[in-house]
Amino acid sequence: IVSIGVSWCFFFQAEDGIRDAQESRGLGDVYKRQLQQQRKWQYVHALQQQRKWQYVHALQQQRKWQYVHALQQQRKWQYVHALQQQRKWQYVHALQQQRKWQYVHALQQQRKWQYVHALQQ
């Protein structure tokens with residue numbers, strides 16, 4: 001009996017999306033990949049938290065300085081207003097003093113002339 005052996009070999013090129021499967025090296029590799037993924041997301045989350053708090057801190061600093069600036073402006077205008085009030089009252093007081101002395105001087109002049117007139121009679 002004669003046996004004839006025929007063997008067929010097929011060669012094909014992998015298309016997009018079809019790749020040779022990577023052989024698993026056991027559960028250790030899966031665990032390592034999970035740890036790497038977990039660490040990557042922890043790092044990303046930590047960065048996001050840090051940036052969020054930096055932003056919050058920057059906003060707080062900005063608001064604090066806006067509040068300080070507003071207080072300084074308010075105090076400046078209160079001081080200006082107080083000075084204006086003080087000057088107004090100083091001016092009023094000076095006018096009152098001037099009028100008082102004008103009145104006193106007028107009375108003295110009137111009395112002097114009354115005295116002179118009385119002497120002449």
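Side-chain atoms are counted along with the backbone in the values below, which use heavy atoms only and exclude waters and symmetry mates.
- Annotation: side chain to side chain donor-acceptor pair (under 3.5 Å) contacts of Lys88 (sequence neighbours excluded): Gln85.
- With sequence neighbours left out, Leu71 forms a side chain to side chain contact (heavy atoms under 4.5 Å, CB included) with Tyr67, Gln74, Arg75.
- Within the 4.5 Å cutoff, side-chain heavy atoms of His105 are placed close to those of Gln108.
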